[in-house]
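This report concerns only the one structure given below.
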Amino acid sequence: MAKKKLTIGVVARHMEGALNGRIIAGIHQYLQPLQIRMIAIRTMYSNKVNYPRYDNPLAFDVVDGWIVINDVAEASYFTKLHERGIPVVSANRSVDVIPCASILTDNFHGMFVSTEHLIQHGHKRIAFIGDLVNPNMRVRLEGYLHALETYGIPRDPQLIVDSKTFNYAGGHHSAEKLLDQGVSFTGVVAASDMNAIGALEKLQSVGIRVPEDIALIGYNDIPYTSSIGLTTIFHPGVEMGRKAAEVLLRKIQGEASFAEEHIINCNLRVRTSCGCAADAPSGDQGQEEQNANYVQHMIESYQEIGSNLLRHGHINLQDLSWMANSKVSCLALWKDDPAQKPTLVIDQHYDQRLESVNLKGALIPGEEFPQEMLFGNEFGGSDTILIHIIRTYRREWGLLALTGSSFIYHPNERLSVGMMAHVLDSLAAILERDELLIESRSASEQIRYLAYHDPLTGLLNRRALSERIPVLLDNASKSGSKAALILLDLDRFKVINDSYGHLLGDQLLMQVTERLRLLSLEINSLYRLGGDEFVILLPHIRDKEEVIQIGEQLLELLQPVFLLDRYEFYVSGSLGISIFPEDGQDMTELIKHADIAMYRAKAKGKNQLELFHSDMNIRTLHMLEMDNGIRKALANQELQLFYQPQIDVITGKLFGFEALIRWFSPERGIVSPMEFIPVAEETGQIILIGEWVLREACRQMKQWREKGGDWIKCSVNISGRQFEQRDFVERLRFILAEMDMDPRYLCLEITESIAIQDIEFCLAQLHDLNELGISIAMDDFGTGYSSLVLLKQLPIQYVKIDRSFISNIVSKTEDKSIVQGIVSLSHSLGMQVIAEGVEDAEQLHFLHAMGCDYFQGYLMSPPIPAEEFDTMFL
Ligand code: C2E
Ligand code: MG
Ligand code: MG
């Protein structure tokens with residue numbers, strides 16, 4: 001795999017303004033030739049007092065270093081970065097909570113120069129306007145005062161006005177205040193251009209001429225200032241951005257010192273408002289016309305988006321693609337689960353590229369967002385992603401991510417990003433309104449709600465289904481269309497519920513529900529019938545393929561691990577599908593048939609879907625009968641164990657035996673375990689049967705030993721369902737004590753599929769068994785996954801080579817080498833090998849030559865009843 005590209009994160013309150021815009025442009029300019037990626041997060045968190053600032057570890061795992069612009073982030077944000085060792089540079093603000101490099105402009109010097117310029121024009125009564133809450137503005141005030149002092153001009157507190165904000169209104173009010181006070185002044189230095197423009201308009205509105213009556217200088221040099229001839233201090237944002245990027249890269253390489261401070265000088269942009277002679281006016285007719293078109297386009301587009309929002313509470317991302325020339329975009333919402341790691345759910349994903357995967361519904365931990373494919377630079381995507389955080393005062397809802405960097409350089413696109421923010425904020429407001437609606441449901445609504453909903457998951461219940469289906473079927477038959485019913489039953493639910501308790505089971509059901517919701521079907525499509533049974537109703541389907549596709553999607557959704565109370569579980573589901581009108585005319589029939597199909601899916605190995613066929617009726621009937629039969633067999637003692645000897649290949653002596661179950665049914669005759677064990681596994685009867693087998697085998701051992709027999713190995717087959725029980729070892733210990741059995745003589749045969757299910761758990765369980773002194777054999781080796789890697793990990797003592805290899809060991813060289821391979825490998829891992837199904841002497845000869853330890857098979861004896869075994873071998 002190619003090495004991940006270096007990625008720089010930038011956090012700013014907004015990006016469309018001149019200051020932040022310039023800093024971001026500077027960063028981008030520096031990074032682009034180096035082919036370094038940029039993720040720009042636009043927080044829009046207010047910088048008002050008491051309003052929380054940004055503190056979100058979004059993209060922490062993706063980004064190699066951060067540039068934080070202005071005081072947009074909480075102190076805790078910096079601490080988090082620091083703790084994780086992620087380098088950070090602060091632009092336009094110094095940070096003291098952590099050792100942090102900062103890139104600053106010389107605000108003191110800038111305002112000194114501004115004031116000095118007016119003094120040089122001969123002014124002595126110079127007023128200062130600025131937002132004194134903002135620390136950068138307070139530094140500017142210092143610069144103003146220092147200039148007065150340097151030139152011996154006394155300060156007048158009445159000439160210093162707190163504009164409270166950096167914007168137009170602040171300037172307007174400040175000028176008004178100056179005029180109202182009636183103190184004389186001939187010049188104004190403003191701490192921001194917007195303040196200056198507000199002041200300018202106030203002054204002009206009362207007939208004061210600038211600069212003839214009062215001279216004025218602004219600060220920052222935003223684009224508009226040149227068109228009105230405002231003299232101002234140029235804020236070197238681009239320069240700062242470049243410096244920030246350079247320092248950050250050095251930090252990432254471990255070359256920069258912790259707390260470097262870089263100060264970039266501002267300089268004076270002389271125009272006319274200070275009293276200097278006029279420059280040639282700039283103005284571009286063509287550009288203006290282009291702007292007008294763009295604005296027209298923008299307005300139309302936002303109208304479209306806005307009305308979509310109102311009608312559906314929805315944004316169509318494709319509508320936004322024109323905006324940042326974005327080829328890829330996605331809208332993601334935070335998943336509402338405080339107990340878990342903050343996770344984003346992709347609500348919508350738009351990708352213009354061919355063959356792109358739709359991420360809709362994907363769950364992505366916030367720290368890992370945005371994933372590689374959201375960049376997609378290989379296919380004409382971009383190395384830059386703009387992320388807009390969507391939030392209301394109450395909380396953070398999610399984000400919109402757009403690839404593309406054109407918003408950095410094109411003023412119109414910058415503007416459109418700002419407008420987009422408003423659209424998104426309305427989206428959040430709509431979401432919030434829905435949430436509030438739920439909270440304020442009245443009591444009678446609550447009652448009605450409960451009658452039709454499952455209180456645990458909030459899904460519709462069986463009653464709702466029974467009222468909905470007739471309506472739906474009626475509509476479908478009138479219009480001649482098809483409908484489908486999918487029945488979902490979780491595969492391991494009972495085991496989890498029984499061994500971990502109902503609270504955990506409930507958690508699982510809720511999480512499954514969440515995943516089902518990701519299917520985003522029509523409303524009223526999801527039902528919980530009870531237990532672990534869910535119904536998905538599809539009112540209009542084209543054909544079977546469509547249902548199968550949805551079913552497969554559903555199985556996929558269940559695949560990722562479930563985290564329940566610190567435990568990890570893999571829980572699959574089995575799906576049965578019935579289709580209206582073919583498979584049933586009413587709810588009872590459709591559910592019954594979906595149920596039959598679902599059973600079939602389970603019997604075929606679970607974690608799959610099955611469509612109903614009419615011949616299934618018979619098969620299921622057979623299975624139900626079998627289930628009843630097994631129940632009776634247990635009660636009426638129709639079960640018996642047979643014993644098959646295991647012989648030492650070299651000495652020919654008896655090594656042990658395998659206990660194999662037989663069912664003597666009065667109705668059916670002898671039933672093969674191959675026939676009834678799978679049914680018992682499916683229905684859970686295997687637990688009872690398995691314990692009976694263990695007791696019976698132990699009882700037999702004890703009897704033989706009491707007659708004076710030697711200890712020999714007793715092997716018992718254990719099914720996955722038994723082994724999965726959390727208290728399996730506990731129960732086994734109990735049985736051994738009860739039967740007075742020495743665990744060293746017991747061997748449990750398990751199959752590879754058991755180990756594959758949940759390797760961690762399996763390992764722990766096997767260690768416990770080993771500790772008790774019980775040995776373990778891997779049964780039927782070679783037929784399943786046959787993972788030698790797996791074999792190596794497991795604490796087992798015996799490997800049983802499956803019969804199918806032994807039967808061809810003489811004739812097929814391939815099988816011969818497989819057997820040889822298994823023998824050698826097992827020996828090298830310290831395990832012994834038992835060959836199964838040895839039927840003739842030639843096979844045994846081969847096994848002997850290969851160094852196989854034990855064999856079992858008709859050559860010596862088929863499985864036989866205890867009395868026979870006794871006389872023949874003991
Ligand atoms: P397995 O554990 O692999 O048992 C070996 C199977 O091979 C037995 O079939 C045995 O009768 C048969 N066999 C042994 N030697 C030869 C031979 O030389 N030639 C041929 N053709 N077959 C031979 P069986 O008894 O029908 O059992 C089938 C399977 O049923 C077992 O396979 C085991 O997986 C399962 N089973 C049997 N008893 C129990 C039990 O008590 N509990 C559980 N969970 N499963 C059991
Ligand atoms: Mg076996
Ligand atoms: Mg076997």
Side-chain angles (χ1 to χ4, degrees), residues 626 630 633-634 638-647 649 655-664 669-701 713-725 728 731-732 735 746-754 775-784 786 796-810 833-844 846-847 852 854-866 868-869:
M626 179 77 84
I630 298 171
L634 268 169
E638 294 163 14
L639 300 177
Q640 199 185 323
L641 287 189
F642 273 33
Y643 301 90
Q644 186 176 34
Q646 296 171 324
I647 309 292
V649 172
F655 162 72
F657 58 81
E658 177 175 7
L660 292 154
I661 196 167
R662 298 290 176 265
W663 175 15
F664 295 92
I670 302 180
V671 187
S672 156
M674 306 286 261
E675 214 176 317
F676 71 89
I677 294 282
V679 178
E681 281 178 338
E682 182 49 46
T683 60
Q685 297 265 33
I686 191 67
I687 307 272
L688 289 177
I689 294 178
E691 292 196 352
W692 177 85
V693 171
L694 277 165
R695 279 203 172 80
E696 181 59 18
C698 291
R699 194 192 56 75
Q700 192 58 61
M701 276 291 273
K713 232 2 156 210
C714 162
S715 290
V716 173
N717 292 287
I718 298 297
S719 108
R721 195 73 188 258
Q722 276 174 281
F723 191 80
E724 270 174 6
Q725 291 170 285
F728 175 69
R731 286 179 187 223
L732 187 64
I735 291 172
L746 181 65
C747 174
L748 300 183
E749 298 193 358
I750 63 166
T751 57
E752 289 165 278
S753 55
I754 293 182
S775 45
I776 309 291
M778 179 64 81
D779 204 353
D780 304 339
F781 191 78
T783 55
S786 306
I796 56 178
Q797 290 73 43
Y798 302 100
V799 175
K800 296 186 77 176
I801 305 180
D802 191 67
R803 199 168 69 222
S804 54
F805 297 102
I806 306 299
S807 57
N808 296 323
I809 194 176
V810 179
V833 183
I834 305 172
E836 290 189 288
V838 179
E839 295 183 348
D840 58 51
E842 214 182 343
Q843 292 168 343
L844 182 60
F846 269 86
L847 291 165
C852 177
Y854 309 103
F855 80 97
Q856 189 182 338
Y858 294 172
L859 175 65
M860 188 48 78
S861 164
I864 46 178
E868 246 176 87
F869 190 87

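Quick note: numbers below take in every heavy atom, side chains included, and nothing from hydrogens, waters or symmetry partners. Just follow the structure's listing: the first ligand is 1, and inside any ligand the first atom is 1.
- Among the heteroatoms counted here (N, O or S) of D779, OD2 is the one nearest to the Mg ion (ligand 2).
- Looking at D802 against ligand 1, nothing comes within 4.0 Å, counting heavy atoms.
- The D779 neighbourhood of ligand 1 comprises atoms 1 (P), 2 (O), 3 (O), with distances under 4.0 Å to a heavy atom of that residue.
- Each of the following atoms of ligand 1 lies closer than 4.0 Å to a heavy atom of E836: 3 (O), 5 (C).
- Between F642 and F664, the ring-plane angle classifies as tilted under the 30° and 60° cut-offs.
- Between the side chain of Q797 and the backbone N or O of I776, at least one donor-acceptor pair lies under 3.5 Å.
- The CG atom of N717 sits 9.5 Å away from the OG1 atom of T751 when rounded to the nearest 0.5 Å.
- When only modelled atom types and interatomic distance are considered, K800 and S715 share no side-chain donor-acceptor pair under 3.5 Å.
- Ligand 1 does not have E681 within reach: every non-hydrogen atom of the residue lies 4.0 Å or more from it.
- Less than 4.0 angstrom separates some heavy atom of G837 from each of these atoms of ligand 1: 15 (N), 16 (C), 17 (C), 18 (O).
- When the heavy-atom distances from atom 7 (O) of ligand 1 to E696, Q644, R803 are ranked, the shortest goes to R803.
- On a distance-only criterion, I661 and ligand 1 share at least one N/O pair closer than 3.5 Å.
- None of the N, O or S atoms belonging to S715 lies under 2.8 Å away from the Mg ion (ligand 2).
- Atoms CD1 and CZ, from I834 and F855 in turn, are 12.0 Å apart once rounded to the nearest 0.5 Å.
- Of all atoms in ligand 1, listed by their number and element, those nearer than 4.0 Å to a heavy atom of G857 are 15 (N), 18 (O).
- With W663 as the fixed residue, the side-chain hydrogen bond (donor to acceptor under 3.5 Å, both in side chains) test singles out one of E638, Q640, E675: E638.
- Residue contact check: S719 has heavy atoms under 4.0 Å from atoms 44 (N) of ligand 1.
- For the Mg ion (ligand 2), the nearest N, O or S atom contributed by E749 is named OE1.
- Within E658, OE2 is the N, O or S atom that lies nearest to the Mg ion (ligand 2).
- Of the N and O atoms on the side chains of Q856 and Q646, at least one donor lies less than 3.5 Å from an acceptor on the other residue.
- Between F657 and Y643, the ring planes are perpendicular. Angles over 60° get that label, and only those under 30° would be called parallel.
- In this structure, CD1 on I796 lies 12.0 Å from CG on L748, to the nearest 0.5 angstrom.
- At least one N or O atom of E658, backbone or side chain, sits closer than 3.5 Å to an N or O atom of ligand 1.
- Residue contact annotation: P863 has a non-hydrogen atom under 4.0 Å from ligand 1.
- Summarising the geometry of S719 relative to I686, their closest heavy-atom pair is OG-CG1, 3.4 Å, with the distance given to 0.1 Å.
- The shortest separation from a heavy atom of R662 to ligand 1 is under 4.0 Å, placing the residue in contact.
- Contact annotation: Q856 has no heavy atom less than 4.0 Å from any atom of ligand 1.
- For ligand 1, the atoms closer than 4.0 angstrom to any heavy atom of V693 are 41 (O).
- Heavy atoms only, all atoms of each residue included: I687 and Q722 are closest at CD1-CA, 4.1 Å.
- Panel note: side chain Q843, backbone D840; a donor-acceptor pair is recorded below 3.5 Å.
- Set against the non-hydrogen atoms of M674, the atoms of ligand 1 under 4.0 Å away are 28 (C), 29 (C).
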